[in-house]
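Every heavy atom of this structure was used, including side-chain atoms; hydrogens, water molecules and symmetry mates were not.
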Amino acid sequence: MTAGRYNARLQPAGITRMRLSQFHLATVKEVPADAEIASHRLMLRAGMIRKLASGLYTWSPLGLRVLRKVENIVREEMNRAGAIEMLMPSIQPRELWDETGRWEKFGGQLLKIKDRKQQEFCYGPTHEEVITDFARNELKSYKQLPVNFYQIQTKFRDEIRPRFGVMRAREFLMKDAYSFHLTQESLAETYQVMYQTYTRIFTRLGLSFRAVQADTGAIGGNASHEFQVLADSGEDAIVFSDGSDYAANIEKAEALAPTMERPAATAVFSKVDTPSQKTIEDVAGFLGVSPQQCVKTLLVRGNGGLVALCVRGDHEINLVKAGKLDELPGESALASEDEILAATGTRPGFIGPAGLPPSIPVIVDRDAAVLADFVCGGNADGSHYIGTNWGRDARLTRIADLRNVVEGDHSPDGHGILHIARGIEVGHVFQLGQQYAEALKATVVDDQGKAQVMTMGCYGIGVSRIVAAAIEQRHDAAGIIWPEAMAPWRIAVCMINPRNAPEVSAAGEALYQSLIEGGIEAVLDDRGLRPGGMFADMELIGIPHRVVVSERGLAAGTLEYRARQDAESRAISHDELLGLLG
RNA sequence: CGGGGUAUAGCUCAGUCUGGUAGAGCGUUGCGUUUGGGACGCAAAAGUCGGGGGUUCGAAUCCCUCUGCCCCGACCA
C-alpha cells in the first residue's frame, strides 16, 4: 500500500465514513454449495458474515451495520416500555446451575469449560440463573417491584446441528429480559406490556409477523407467545383462524373433537395380506379405501414400557401433545425398530391397535376414535386388518387430542376456519412463574413483613436471527430487499465514471454531502466500478433507494432515481428526491 | 449421538476410478485499452492436495487412522 493511499484513508474527525472506497464492502459472486437457504446465501454473497467454524460467524462491517439497526430498535422499544438495560457475564459458574439443577438437565447444548484452577463454568446459553442470583441479592422489598431487567448479549448453545448460517448458529446475539413481581397479576400486566412492545418492535422493523400461542414445554409456566416472522422457508408451522385473532404454533393448536357420533359397526373383522404395503398411502391404495378410513399407529417410549398412539390415516401425530399424557415422561420419543420388534413381533408399518399386547396402552385421537369399520395394521409383517371397530376388535385405553390440526379445521375458539403458514421464531415471551426464584430462594419482604418468593417472566428476542429472517422474507433474484429500518444505508449515490468525469465526481460528492446534512443515511459509491458491477452490488446488499449521477444526467439537469423494487429508473429533481426520502 | 457425504490456490470446483512434472474459472497484483447492467488484452503472484502413518522406485490418487466441515433424524431466539 502506498503512502498516498494510506493517507487517503485517514479522514478528519467528525466526518462519517460512508464512501464505499473507504469502507470494506466485500461482495462475492460465488458461494459455497452448502449454503442452502436464501438468507444464508445472500448474507455470504453480500459479505455480511464469514464463517469461522461450525455455527460461529464473524459479522463484517456491512453485516454489523444491519445488526446494530435491529439492536437499536429493540433497545429503544425496551427502554420505552420501562425495562432497564444491564449486562451479565457470558461465562457463568457451575454452582449457580447446580442450584437450579440445570447443570445436568440442560443437556449437551450447555458448553462446559474449566478455568486454570479446574473450576467449572459454562458459556451462558440463557441467563435465568444469573439474573435470579442478581435479583436475590439486589431486591429486598416489594416496593422495588415490579422491575424488568434486560441485556443484549452473546449467547452460546452447542446445537447438535447448526445450520442456515446465523439462522441457527451456536453463538448468536440475543436480547433477553427478565421481570420480577410480587404477584401473578403484576406478572400478567408486564407480560401484556412486553407483548405490545414486541409487536411495536417487529412492526418498526418492517417485518410481516404473527404472535402465536406457544407450548410452554417442559419449563411449565402459565402463558407463552412466540413472535414468528412469516416466511415459506420457516421451520415452524403456525396456525391462524380466518374468523378471529386466534393464532398458535401447531405444537399448541388444539384439534377440536368431531361433532359426529361413531357409526355402528357393520363390517366383518378380518385380516388381509398387504405384502409390501407399509405406508398409509400404500395400504389405502392397495385396499381401495381412503386414508381417512385407516388408523395409523405409532409406538412411543412411555413411563412403563411402550405406548401406542393412534390417529386417522390422513392425520399426523403431534408429539408435543402426546408428551403431556400421563403415560409419557414429558417428552415423547419414538420407539426404535428393535424395541417395536421385541414388544410386538412385527416391524413398523404393520402395527395396529387390534391385538396388541395388553401391557401397551392404546391412546386414540378424537377423530380416530369416531371411525368404524376401519383399516389398521395386523401386527404381523405383511398384513392389515379390515373392518376393525373399537371395543369389538381393538382395545381403546383412552381418547385424547393427539394430532396436528390441518388446513380447514375449525378454530378452537369456535370462530372461523384454521389456515397454516410457515414462520421463523424471532421472539418469545413467557410467564415463568416461581420455579427459578424458588430454586435460588429469591425473595422479597411484602407489606406484612413476610418473605415472599418472587414471580418471574422472561422475554427473548433473537437479534441476529432477525437479520436472517428479514432476508428470508424479503429478497429477489438480485439480492436482499431491506426494510428501510434495517438497511445498512437508506440511499446509495452511484457515480458513473467519476475518475474521468470531474463534474460527475463533484456533483456526486455534493449530492452525497447534502443528503448527509439533511440527516439522510447515504452511502457514496465512489469506487469507480463499471455501472453493471456497481448496480449489482447495491441491489445485492439491498439498499432501498439508488440515485445515479452521470454525465448524461448532468447534461439533462436531472437525477436518475430507482427504488430497490422498481423495474425502471426515472428522472427526478433534487427536491423530489429529498421529498421521497422524507 | 446414529446414518450419508466431503476436504486440491483467497473463493467455486476439475483431477482420484486406471499411481508418473499441480489444473480451470472467479478473485488478487502490475501495465495498457475501456466506462450505462458484473469489460478486454498482456504479464504475474498464489497450493506442505486437511493431519499422521503405511504400501510403492514413485502417492492428490491405493490402504489405515485422526480431525474439520456439510447433509438426513433430537432442542430452540
Side-chain angles (χ1 to χ4, degrees), chain A residues 1 26-36 40 44-45 47 50-56 70 74 105-110 125-127 152-177 198 214-215 217-219 224 226-229 235-236 249 251 319-320 323 331-334 336-337 423-430 458-469 478-479 494-501 504 527-540 546 548-553 560 562 568-569:
Chain A
M1 186 180 289
T27 57
V28 291
K29 289 185 199 164
E30 286 173 307
V31 76
D34 53 41
E36 287 194 300
H40 190 194
L44 289 171
R45 285 234 290 130
R50 298 287 184 225
K51 185 167 79 169
L52 179 65
S54 175
L56 302 177
V70 177
V74 170
K105 269 193 298 189
F106 206 89
Q109 282 198 46
L110 190 63
T126 178
H127 279 69
I152 297 174
Q153 194 236 23
T154 298
K155 300 278 188 278
F156 189 95
R157 294 182 189 172
D158 200 358
E159 296 276 349
I160 296 171
R161 196 146 79 80
R163 60 184 139 169
F164 304 148
V166 299
M167 187 77 83
R168 181 183 298 276
R170 291 195 293 178
E171 185 174 302
F172 59 99
L173 190 64
M174 179 174 176
K175 185 282 299 176
D176 47 329
Y198 275 36
D215 182 65
I219 308 176
S224 174
E226 292 167 350
F227 286 75
Q228 298 266 357
V229 165
E235 291 190 271
D236 288 359
N249 191 303
E251 292 176 345
L319 289 175
V320 172
E331 56 192 44
S332 50
L334 291 176
S336 70
E337 188 157 340
I424 301 164
E425 186 186 354
V426 290
H428 202 157
V429 294
F430 212 103
C458 70
Y459 320 93
I461 286 184
V463 176
S464 45
R465 179 180 280 181
I466 286 174
V467 176
C494 294
M495 299 191 289
I496 294 194
N497 200 12
R499 304 268 158 88
N500 296 324
V504 167
R527 296 176 296 171
L529 260 57
R530 298 170 66 86
M534 182 163 53
F535 297 157
D537 272 354
M538 292 307 103
E539 283 156 19
L540 174 61
R546 183 187 83 192
V548 176
V549 179
S550 66
E551 289 177 284
R552 189 198 288 174
E560 188 179 313
R562 180 168 166 182
E568 299 288 338
S569 34

(request) Could you work out which one of B:C72, B:G37, B:G38 sits closest to the side chain of A:L540? (result) B:G38
(message) Is there, by distance only and without an angle test, a donor paired with an acceptor across the side chain of A:E30 and the base of B:G25 below 3.5 Å?
(response) yes
(request) Please determine, by modelled atom types, if A:D236 and A:Q228 share a side-chain donor-acceptor pair under 3.5 angstrom. (result) yes
(request) Report the residue (A:G55 or A:A478) whose heavy-atom-nearest nucleotide on RNA chain B is the more 5′ of the two. (result) A:A478
(message) Please check this pair: side chain of A:Y459 against backbone of A:G427, looking for a donor-acceptor N/O pair closer than 3.5 Å.
(response) no
(request) Consider only side-chain N and O atoms of A:Q109 and A:D158, and report whether a donor and an acceptor are under 3.5 Å apart. (result) no
(message) Quick check: any donor-acceptor pair below 3.5 Å linking the side-chain of A:R161 to the base of B:G3?
(response) no
(message) Let's test your reading of the model: under 3.5 Å, does the base of B:U35 pair with the side chain of A:R499 as donor and acceptor?
(response) no
(message) When you measure from the centre of the six-membered ring of A:F172, is the NZ or CZ of A:R465 closer than 6.0 Å and no more than 45° off the axis?
(response) no
(request) Please tell me which of A:L529 and A:G462 maps to the more 5' nucleotide of RNA chain B, matching each residue to the nucleotide holding its nearest heavy atom. (result) A:L529
(request) Evaluate whether the aromatic ring of A:F172 and the six-membered ring of the B:A77 base sit under 5.5 Å apart, centre to centre, with an inclination under 30°. (result) yes
(request) Measure the distance from CG on A:L52 to C1' on B:G68 and round it to the nearest whole Å. (result) 12 Å
(message) Between the base of B:G37 and the side chain of A:R562, is one N or O donor paired with an acceptor at under 3.5 angstrom?
(response) yes
(request) Considering just the side-chain nitrogens and oxygens of A:R163, establish if one lies under 4.0 Å of OP1 or OP2 belonging to B:C72. (result) yes
(request) Report yes if a donor N or O on one partner sits less than 3.5 Å from an acceptor N or O on the other, where the partners are the side chain of A:E539 and the base of B:G38; otherwise report no. (result) no
